[in-house]
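Structure first, then comments.
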Amino acid sequence: MIVPAIHGNTPIPPDAGDELELAGRLRRDETRERLQELATQHAYGDTAEDRRMRRAAWRALARRFGHGVTIGRGALAKHAETFEIGDGVFIGEQAFIQGRFDGRCVIGDRVWLGPQSYFDARDLVIDEYVGWGPGAKVLGSQHTGVPAGIPIVKTDLRIEPVRIGAWADVGVNAVILPGVTVGRGAIVGAGAVVTEDVGAFAIVAGVPARLIRWREGHGQ
């Protein structure tokens with residue numbers, strides 16, 4: 001059975017004016033720490049007011065926060081002040097987006113982030129209409145391991161940009177490693193570990209991920 005997609009096709013109405021006013025007041029009057037507390041306070045509730053307060057707190061924190069954003073129960077953010085979130089974004093339950101105080105995280109319009117997914121968002125761009133499967137993860141940093149005479153967790157951290165092109169689809173429990181670019185319209189199979197760049201309209205799978213075939217549209 002094939003049925004029409006919902007997330008990518010549903011119209012996005014503007015958010016209510018009173019909610020926008022609330023977010024503006026929070027941004028003006030509250031500290032970043034208090035805004036984070038407010039987001040956490042309402043993170044696990046399932047009432048309309050909890051959902052409204054989650055959006056208002058995230059909007060007050062973020063560099064940009066679009067209309068029609070859904071933030072599921074238990075979704076958490078660190079350093080949301082570095083986030084740029086587009087219109088119609090869906091953030092699933094218990095997703096965790098970990099930014100960095102001097103980093104940048106861009107989530108484009110109509111992106112769908114599955115439940116229990118993890119994002120090392122120190123230098124992360126996810127372009128528009130990307131689907132991100134439940135439990136999938138992106139890592140954007142790793143310890144150098146040098147010198148070898150000290151514990152690895154005490155060595156310097158190398159932060160590398162990760163880019164996910166528009167229209168790409170990342171499967172359930174896949175892992176994208178630091179420095180990787182996934183091209184436009186590419187498909188990453190469930191459970192894949194992506195260690196190197198994926199071309200536009202490629203289909204990859206496996207550990208490590210390897211090219212399976214090209215989708216229609218490759219080379220156009």
Side-chain angles (χ1 to χ4, degrees), residues 12 14-109 111-126 130 132 134-143 151-162 164 176 178:
I12 303 171
D15 289 339
D18 62 341
E19 184 176 316
L20 299 177
E21 291 174 5
L22 171 61
R25 187 166 66 252
L26 290 172
R27 179 190 288 267
R28 182 180 65 249
D29 297 342
E30 302 292 348
T31 65
R32 185 182 301 166
E33 291 73 20
R34 174 56 186 150
L35 292 173
Q36 190 66 57
E37 289 175 4
L38 193 61
T40 302
Q41 177 183 336
H42 291 275
Y44 294 92
D46 199 29
T47 67
E49 181 63 12
D50 286 317
R51 293 190 289 273
R52 175 175 177 267
M53 291 304 297
R54 284 199 290 271
R55 290 191 301 270
W58 282 49
R59 175 175 268 122
L61 281 164
R63 288 177 181 166
R64 177 177 178 266
F65 190 93
H67 293 278
V69 175
T70 298
I71 303 171
R73 291 179 302 171
L76 300 174
K78 184 174 183 179
H79 290 297
E81 71 276 8
T82 66
F83 295 1
E84 302 171 37
I85 299 175
D87 294 332
V89 170
F90 175 90
I91 302 171
E93 295 192 357
Q94 299 180 14
F96 181 40
I97 307 175
Q98 181 181 357
R100 178 181 159 90
F101 69 94
D102 59 353
R104 179 176 182 237
C105 171
V106 178
I107 301 173
D109 295 344
V111 168
W112 192 93
L113 305 179
Q116 298 183 333
S117 48
Y118 170 77
F119 303 87
D120 179 340
R122 295 170 171 91
D123 188 353
L124 174 65
V125 176
I126 301 176
V130 166
W132 193 275
K137 301 171 181 64
V138 57
L139 303 178
S141 60
Q142 57 185 329
H143 290 277
I152 292 173
V153 296
K154 295 181 70 173
T155 64
D156 291 343
L157 198 65
R158 179 185 295 114
I159 297 171
E160 301 181 63
V162 175
I164 310 297
I176 312 296

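Computed from a predicted structure; not experimentally measured.
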Would you check if [X] and [Y] make a side-chain contact, meaning some heavy-atom pair closer than 4.5 Å?
X: Leu76; Y: Tyr44; value: yes
X: Tyr118; Y: Leu139; value: yes
X: Asp123; Y: Glu160; value: no
X: Leu38; Y: Glu30; value: no
X: Val138; Y: Ile164; value: no

Return the set of residues passing side chain to side chain contact (heavy atoms under 4.5 Å, CB included) with [X] (not counting sequence neighbours), or none when no residue passes.
X: Leu22; answer: Arg25, Leu26, Arg52, Met53, Ala56
X: Val106; answer: Glu84, Arg104, Val125
X: Asp46; answer: Arg51, Arg73

Mind checking salt bridge (Lys or Arg N to Asp or Glu O under 4.0 Å) for Glu33 and listing every partner two or more places apart, or none if nothing turns up?
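Expected list: none.
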Short N-O contact, Arg122 and Asp120, less than 4.0 angstrom
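Asp120 and Arg122: salt-bridged.
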Tell me the ring pair (Phe, Tyr, Trp, His ring centres under 6.0 Å) pairs involving residues 45-94, sequence neighbours left out?
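Pairs touching residues 45-94 that pass the test: Phe90-Trp112.
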With side chain to side chain contact (heavy atoms under 4.5 Å, CB included) as the test, would you mind laying out the steps for Leu113 and Phe119 before giving the verdict?
CA-CA 10 Å; Leu113 305 179; Phe119 303 87; 3.6 Å; yes
Mind checking what makes side chain to side chain donor-acceptor pair (under 3.5 Å) contact with Gln41, not counting sequence neighbours?
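By the side chain to side chain donor-acceptor pair (under 3.5 Å) rule, Gln41 matches no residue at all.
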If you look at every heavy atom in Asp15 and Gly68, which pair is closest and at what distance?
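Looking at all heavy atoms of both residues, the shortest contact is OD1-N, 3.0 Å.
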Which atom names give the shortest non-hydrogen contact between Gly86 and Val69, and what distance separates them?
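Closest pair (atom of Gly86, atom of Val69, distance): O-CG2, 3.5 Å.
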Any donor and acceptor pair, going by atom type alone, linking the side chain of [X] with main-chain N or O of [Y] inside 3.5 Å?
X: Arg27; Y: Ala62; value: yes
X: Arg59; Y: Gly66; value: yes
X: Asp87; Y: Asp109; value: no

